[in-house]
Amino acid sequence: MTPQRILEAARTLFAARGYRATSMQAIADQVGITKAALYYHFDSKEEILRRLTVPLLDELEEVLAGAESCDGAEEVRWRAIEGYVDVHLRHRHTLTMLVKDMTLLAQAPIADRFRAAIALANELVAGPGRGLEERVRACQVVAGLADPVLLFRDEPAERLRELILDGARALLDAPPAPRAVGRARGRNGGRRAILTEEQIAQARSLHAEGRGAEEIATRFGVSRATVYRHLKI
């Protein structure tokens with residue numbers, strides 16, 4: 001399909017040249033269509049960027065919400081770590097594109113959603129009620145999950161995944177991570193990972209009134225990542 005070919009061509013060009021250095025004409029030439037045909041499918045380069053980035057953010061928020069809903073700190077931790085790595089591996093070309101032009105990561109709502117996801121990952125890896133030492137170590141682990149994906153993006157994904165997880169275990173001085181068996185309904189002392197339909201409607205109304213994600217999350221007792229996932233703000 002032409003839209004998918006356009007997205008793949010744009011992803012490749014953005015990663016190689018940078019977003020700002022890539023013109024719509026260059027994308028059209030890469031696909032082998034006219035510039036007018038390109039604008040038929042996407043009305044701007046910003047729309048192409050959004051279409052490339054949103055799936056990464058959606059999946060990252062989804063896997064972290066799934067980890068947050070588990071019972072037991074260790075299962076929460078390792079579901080979060082493994083899911084975080086898996087999403088980054090699936091979208092490593094998109095990440096390369098974003099890192100190629102770091103100013104893209106500063107744009108809202110991309111930046112807000114990334115910050116919320118990273119903050120939630122740090123929290124889930126640290127575990128509830130942990131002190132500064134544990135929280136610093138969790139932050140080191142989360143930071144170390146993404147960098148190898150970018151630095152060694154041409155290595156086989158499975159081998160890279162294995163090495164990244166081994167490194168996380170070494171930092172946490174942990175035995176092999178337990179594998180999740182099904183989804184649990186909640187984790188002890190944690191926040192809910194979902195909103196009811198009524199709460200989603202209320203949250204949308206609050207957002208339309210100008211309330212921020214942090215305020216909405218606090219009001220309903222969920223994480224900011226959950227707010228972003230449900231409202232796509």
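Just so you know, these numbers use all the heavy atoms, side chains as well, and skip hydrogens, waters and symmetry mates.
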Could you tell me if the side chain of [Y] sits less than 4.5 Å from the side chain of [X], heavy atoms only?
X	Y	value
Leu52	Leu7	yes
Arg51	Ile48	no
Gln30	Ile27	no

**Request:** Before giving the answer on side chain to side chain contact (heavy atoms under 4.5 Å, CB included), spell out for Ile6 and Ile33 the whole-Å C-alpha distance, their side-chain angles and the decisive distance to 0.1 Å.
**Result:** CA-CA 9 Å; Ile6 292 171; Ile33 59 177; 4.0 Å; yes

Got a salt bridge between [X] and [Y], using NZ or NE/NH1/NH2 to carboxylate O under 4.0 Å?
X	Y	value
Arg50	Glu47	yes
Arg161	Asp166	no
Arg77	Glu74	yes

**Ala119: side-chain contact (heavy atoms from CB on, under 4.5 Å) partners, not counting sequence neighbours** =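 For Ala119, the residues satisfying side-chain contact (heavy atoms from CB on, under 4.5 Å) (neighbours in sequence not counted) are Arg224.
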
**Request:** Verify the cluster assignment for Leu56 and Val99: are they in a single hydrophobic cluster under the rule of side-chain heavy atoms below 4.5 Å apart?
**Result:**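 Yes; tracing contacts between hydrophobic side chains, which count when under 4.5 Å, links both residues.
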
Which atom pair, heavy atoms only, marks the closest approach of [X] to [Y]?
X	Y	answer
Pro128	Ala73	CD-CB, 4.4 Å
Ala67	Leu124	CB-CD1, 4.2 Å
Asp112	Arg115	OD1-NH2, 2.7 Å

**Asked** Do Val141 and Leu172 pass the side chain to side chain contact (heavy atoms under 4.5 Å, CB included) test, and can you show the C-alpha distance, the side-chain angles, and the key distance before you say yes or no?
**Response** CA-CA 8 Å; Val141 169; Leu172 293 168; 3.8 Å; yes

**Request:** Output, in order, the C-alpha distance, side-chain angles, deciding distance and verdict of side chain to side chain contact (heavy atoms under 4.5 Å, CB included) for Leu120 and Glu61.
**Result:** CA-CA 9 Å; Leu120 178 57; Glu61 290 163 358; over 6 Å; no

**Message:** Are there over 12 heavy-atom neighbours, none belonging to Arg20, within less than 6.0 Å of that residue's CZ?
**Reply:**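 Correct, the count exceeds 12.
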
**Asp29: salt bridge (charged side-chain N to carboxylate O under 4.0 Å, His left out) partners, not counting sequence neighbours** =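 Listed in chain order: nothing, the list is empty.
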
**Message:** Once ring-ring contact (aromatic ring centres under 6.0 Å, His included) is applied, what residue pairs with a partner in residues 17-43 remain, sequence neighbours excluded?
**Reply:**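 Sorted result for residues 17-43: Phe14-Tyr19.
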
**Message:** Determine whether a donor-acceptor pair (N or O, by modelled atom type, separation under 3.5 Å) exists between the side chain of Lys45 and the backbone of Thr22.
**Reply:**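 Yes.
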
**Asked** With ILVMFWY side chains joined below 4.5 Å, transitively, what does Leu132's cluster contain besides itself?
**Response**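 Answer for Leu132: Val136.
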
**Asked** Is there any side-chain hydrogen bond (donor to acceptor under 3.5 Å, both in side chains) pair reaching into residues 131-145, and which pairs are they, with sequence neighbours excluded?
**Response**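 Matches after skipping sequence neighbours: Arg137-Gln140.
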
Without placing hydrogens or testing angles, list every side-chain donor-acceptor pair under 3.5 Å for residues 87-98, not counting sequence neighbours.
from	atom 1	to	atom 2	distance (Å)
His88	ND1	Tyr84	O	2.8
Arg90	NE	Glu59	OE1	2.9
Arg90	NH2	Glu59	OE1	3.0
His91	NE2	Glu59	OE1	3.4
His91	NE2	Glu59	OE2	3.1
Arg92	NH1	Arg153	O	2.9
Arg92	NH1	Glu155	O	3.1
Arg92	NH2	Glu155	O	3.3
Thr94	OG1	Arg11	NH1	2.5
Thr96	OG1	Arg92	O	2.8

